[in-house]
There are 2 protein chains.
Amino acid sequence: MSNAKVLPLLETANGQAVVPCCPPLTERPMTAEEAETAARMFKALGDPVRLRLFSAVASHEGGEACVCDISDVGVSQPTVSHHLKKLKEAGLLTSERRGTWVYYRVEPSVLAAMGKLLATTATAV
Amino acid sequence: MSNAKVLPLLETANGQAVVPCCPPLTERPMTAEEAETAARMFKALGDPVRLRLFSAVASHEGGEACVCDISDVGVSQPTVSHHLKKLKEAGLLTSERRGTWVYYRVEPSVLAAMGKLLATTATAV
DNA sequence: TGTCTATGTTGACGCTCATCAATACAGTCT
DNA sequence: AGACTGTATTGATGAGCGTCAACATAGACA
């Protein structure tokens, strides 16, 4: 199945360009809709196990990893599967089956958009 | 009361320098401890109401706002107070009472650290 | 002192979530 | 076909969260 389905934070314009959903947090108060969208992604990263899984995929070579490579995070296999599904539903990961294994990869544009959300315009330390 | 208490994502070294808790998500798999720390902050931003409150404070002039300026987010006043407390506990906001009003301000270094966490090393769109 | 406004706290309710054991499904290899 | 491995789904359980009404507290001002 194709997994280019939902990217809550970005909306694929014509297949190439991506438009961030929301302005930087510091630019102006977010609207209810913007907040709803962005909060979904923050929430997905708001669990330690999911954050480790996401980081494991993101830091793996090629930006992708099979489940077997990343599933030693201290919880059962069904729980790992459950969390990967959540990350997928949040638009942070995509998955693809290749033979025996299923590979997950990060949606790079989403990472960039989240980074922009948190970008401090001029508030350097 | 002084509110320079807990900054989960950063650790104030000697009062000036701040050290990010965790490497960028894409650099290497996060450890359980790092994930626990960072997930607390993502989780705090993982609720739409909290995200709007945070954004309202962050975008307010001077980087601070009194509760009365930001409390029209569609929930009751106790709920606003509850969420502001959560954001404070997560180390994202600090508060200070000045006369009748209580002012909240963002912890700028925390914003920067979260931005770094999501920084894509070379994965530009 | 008393009253008024701004904000925080308490207690309760319903809902969502993280987790696991058991089971199901998909692909590979005999 | 049958056995085996890797991954997803189901169902259940306990914990945590978002929300509000009611109440409490803090400061300002008369």
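Small disclaimer: the values here were computed from a predicted structure and weren't measured. First the proteins, then the strands, lettered A, B, ... as listed; each starts at 1. Reckoned from all heavy atoms, side chains included, excluding hydrogens, waters and symmetry mates.
Taking for each of B/P78 and A/P78 the nucleotide of DNA chain C with the nearest heavy atom, the 5'-most of the two is the partner of B/P78.
Closest non-hydrogen pair, A/R40 versus A/A90, comes out as O-CB, 4.3 Å.
Atom C1' of nucleotide C/dG8 and atom CG of B/L87 are separated by 15 Å, given to the nearest angstrom. We find that CZ of A/R98 is positioned 17 Å from P of D/dG6, with the value rounded to whole Å. Rounded to whole angstrom, the span from the CZ atom of A/R52 across to the P atom of C/dA18 amounts to 16 Å. Rounded to an integer number of Å, the gap from OH of B/Y103 to P of D/dG27 is 14 Å. Whole-Å rounding puts the A/I70 CD1 to D/dG6 P distance at 14 Å.
Taking NZ of A/K86 as the reference point, atom CG of A/L93 lies at 13.5 Å (rounded to 0.5 Å).
Contact check, B/K85 against C/dT9: a side-chain N or O comes under 4.0 Å of OP1 or OP2.
Partners of B/D69 under the side chain to side chain contact (heavy atoms under 4.5 Å, CB included) rule, at least two apart in sequence or in another chain, are B/H60, B/A65, B/C66. Every side chain to side chain contact (heavy atoms under 4.5 Å, CB included) that A/R97 has, sequence neighbours left out, goes to A/V102.
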Under 3.5 Å, which protein N or O atoms sit close to an N or O of nucleotides 17-19 of chain D? Give each pair with its distance.
residue : atom : partner : partner atom : Å
D/dC17  : OP1  : B/K43   : NZ           : 3.2
D/dG18  : OP1  : B/R50   : NH1          : 3.1
D/dG18  : OP1  : B/R50   : NH2          : 2.7
D/dG18  : OP2  : B/R50   : NH1          : 3.2
D/dG18  : OP2  : B/K86   : NZ           : 3.1
D/dT19  : OP2  : B/H83   : NE2          : 2.4

For nucleotides 4-7 of chain C, give me every protein contact, N/O to N/O, under 3.5 Å, one pair per line with atom names.
residue : atom : partner : partner atom : Å
C/dT7   : OP2  : B/C68   : N            : 3.4

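Screening residues 43-59 of chain B for side chain to side chain donor-acceptor pair (under 3.5 Å), with sequence neighbours left out, gives B/R50-B/H83.
Bending across the helix from C/dT1-D/dA30 to C/dT30-D/dA1, expressed as the angle between its end axes from five pairs apiece, amounts to 20° (10° rounding).
With hydrogens and angles disregarded, no donor-acceptor distance shorter than 3.5 Å links the side chain of B/S81 to the backbone of B/Q77. Using modelled atom types, one side-chain atom of B/S71 and one backbone atom of B/V67 make a donor-acceptor pair closer than 3.5 Å.
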For A/K116 and A/E27, what are the C-alpha separation, side-chain angles and deciding distance, and is it a salt bridge (charged side-chain N to carboxylate O under 4.0 Å, His left out)?
CA-CA 11 Å; A/K116 263 175 217 149; A/E27 189 177 302; over 6 Å; no
Using the side-chain contact (heavy atoms from CB on, under 4.5 Å) rule, take B/L53 and B/V49 through it: C-alpha gap first, then chi angles, then the decisive distance, then the call.
CA-CA 6 Å; B/L53 288 171; B/V49 173; 4.1 Å; yes
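Using a 4.5 Å cut-off between side-chain heavy atoms of Ile, Leu, Val, Met, Phe, Trp and Tyr, with links allowed through other members, B/F54 and B/Y103 fall into different hydrophobic clusters.
Ion pairing between a basic and an acidic side chain is recognised when a charged N comes within 4.0 Å of a carboxylate O; A/K88 and A/E107 show no such pairing.
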